[in-house]
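Taking it in order: structure first as structure tokens, then the write-up.
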Amino acid sequence: QVQLVEAGGGLVQAGGSLTLSCAASGRTFSSRAMGWFRQPPGKEREFVARIGRNADIRSYADSVKGRFTISRDNAKNTASLQMNSLKPEDTAVYLCAASRSQVWGTSLTDYEYWGQGTQVTVSS
């Protein structure tokens, strides 16, 4: 069992930055890939970024590549998403997720545990 709690959302002007954090409880955190997803208003949840168990591999959605950076600290059971050069279209609820065991994917079904989400609003 893994429980996830996000923090760090808020209101920011376009061009600004925010860092989201995800605190995890449970002994299996370090054995799972971690992902960040977002759900814009009135739209479906979409993949943003993922990071391997040992932080050795990362991948990003094209829409955030070069602007967002995902990281994790297994000693502290945390994952983070550094977001720079934010745009109004980045406005969404951001959720962190822990993958199913041995799975490395970008689909919603590849992830077993989800946080409640944190709101990010980017004003123009």
Side-chain angles (χ1 to χ4, degrees):
Q1 187 81 6
V2 178
Q3 292 184 324
L4 305 171
V5 179
E6 301 94 339
L11 174 64
V12 63
Q13 288 188 331
S17 298
L18 279 176
T19 299
L20 306 183
S21 62
C22 176
S25 63
R27 294 183 297 171
T28 63
F29 173 80
S30 61
S31 67
R32 300 174 184 266
M34 293 295 297
W36 284 94
F37 290 75
R38 66 186 182 187
Q39 188 159 12
K43 297 184 179 180
E44 294 186 350
R45 193 170 296 183
E46 63 184 20
F47 166 76
V48 173
R50 58 179 172 166
I51 186 167
R53 294 175 294 172
N54 299 314
D56 48 348
I57 48 176
R58 298 171 172 85
S59 73
Y60 300 90
D62 288 343
S63 58
V64 307
K65 200 171 294 182
R67 299 188 297 121
F68 291 11
T69 302
I70 188 171
S71 60
R72 68 187 295 164
D73 185 334
N74 287 342
K76 296 181 179 179
N77 273 18
T78 59
S80 297
L81 186 69
Q82 172 69 43
M83 306 185 295
N84 299 325
S85 302
L86 283 162
K87 305 175 181 180
E89 52 263 43
D90 294 318
T91 294
V93 174
Y94 283 73
L95 307 99
C96 68
S99 73
R100 300 186 184 279
S101 181
Q102 307 298 318
V103 171
W104 174 247
T106 61
S107 298
L108 301 182
T109 55
D110 292 328
Y111 292 80
E112 186 169 4
Y113 299 104
W114 294 83
Q116 292 298 309
T118 185
Q119 177 71 45
V120 172
T121 303
V122 184
S123 63
S124 57

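One-based numbering along the sequence shown.
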Handout entry: Contacts of type side-chain contact (heavy atoms from CB on, under 4.5 Å), residue Thr121, not counting sequence neighbours
Key = Leu11, Thr91, Gln119

Handout entry: Single-linkage hydrophobic cluster Val64~Phe37, side-chain heavy atoms < 4.5 angstrom
Key = no

Practice task
Using a cut-off of 6.0 Å, state whether more than 12 heavy atoms not belonging to Glu46 lie near its atom CD.
Solution key: yes

Handout entry: CZ-OG distance between Arg45 and Ser107, expressed to the nearest 0.5 angstrom
Key = 13.5 Å

Exercise for the section: Give, for atom CE of Met34 and atom OG1 of Thr78, the distance between the pair rounded to the nearest 0.5 Å. Expected result: 9.0 Å

Handout entry: Side chain proximity check, Tyr60 to Thr106, heavy atoms < 4.5 angstrom
Key = no

Practice task
Give a yes or no on whether the backbone of Trp36 and the side-chain of Tyr111 come within a donor-acceptor separation of less than 3.5 Å.
Solution key: no

Handout entry: Sidechain-backbone polar pair: Arg58 side chain, Ile70 backbone, donor-acceptor under 3.5 Å
Key = yes

For residues 92-103, dump all side-chain donor-acceptor pairs below 3.5 Å to protein atoms at least two apart in sequence or in another chain.
{"from": "Tyr94", "atom 1": "OH", "to": "Arg38", "atom 2": "NH1", "distance (Å)": "3.0"}
{"from": "Tyr94", "atom 1": "OH", "to": "Asp90", "atom 2": "O", "distance (Å)": "2.6"}
{"from": "Ser99", "atom 1": "OG", "to": "Ala33", "atom 2": "N", "distance (Å)": "3.0"}
{"from": "Ser99", "atom 1": "OG", "to": "Ala33", "atom 2": "O", "distance (Å)": "3.3"}
{"from": "Ser99", "atom 1": "OG", "to": "Val103", "atom 2": "O", "distance (Å)": "3.4"}
{"from": "Arg100", "atom 1": "NE", "to": "Thr109", "atom 2": "O", "distance (Å)": "2.7"}

Exercise for the section: Considering non-hydrogen atoms only, spot the tightest contact between Ala24 and Phe29 and give its length. Expected result: CB-CD1, 3.3 Å

Less than 3.5 Å apart, which donor and acceptor atoms pair up between the side chains of residues 47-56 and the rest of the protein, not counting sequence neighbours?
{"from": "Arg50", "atom 1": "NE", "to": "Ser59", "atom 2": "OG", "distance (Å)": "2.5"}
{"from": "Arg50", "atom 1": "NH1", "to": "Trp104", "atom 2": "O", "distance (Å)": "3.4"}

I'd like a table of donor-acceptor pairs (distance under 3.5 Å, sequence neighbours excluded) in which one partner is a side-chain atom from residues 12-22, with atom names and distances.
{"from": "Ser17", "atom 1": "OG", "to": "Asn84", "atom 2": "OD1", "distance (Å)": "2.9"}
{"from": "Thr19", "atom 1": "OG1", "to": "Gln82", "atom 2": "OE1", "distance (Å)": "2.4"}

Problem - Selection residues 23-36 - residue pairs positive for salt bridge (charged side-chain N to carboxylate O under 4.0 Å, His left out), sequence neighbours left out - result: Arg32-Glu112

Practice task
Only counting residues at least two apart or in another chain, list the ones meeting side-chain hydrogen bond (donor to acceptor under 3.5 Å, both in side chains) with Lys43.
Solution key: none

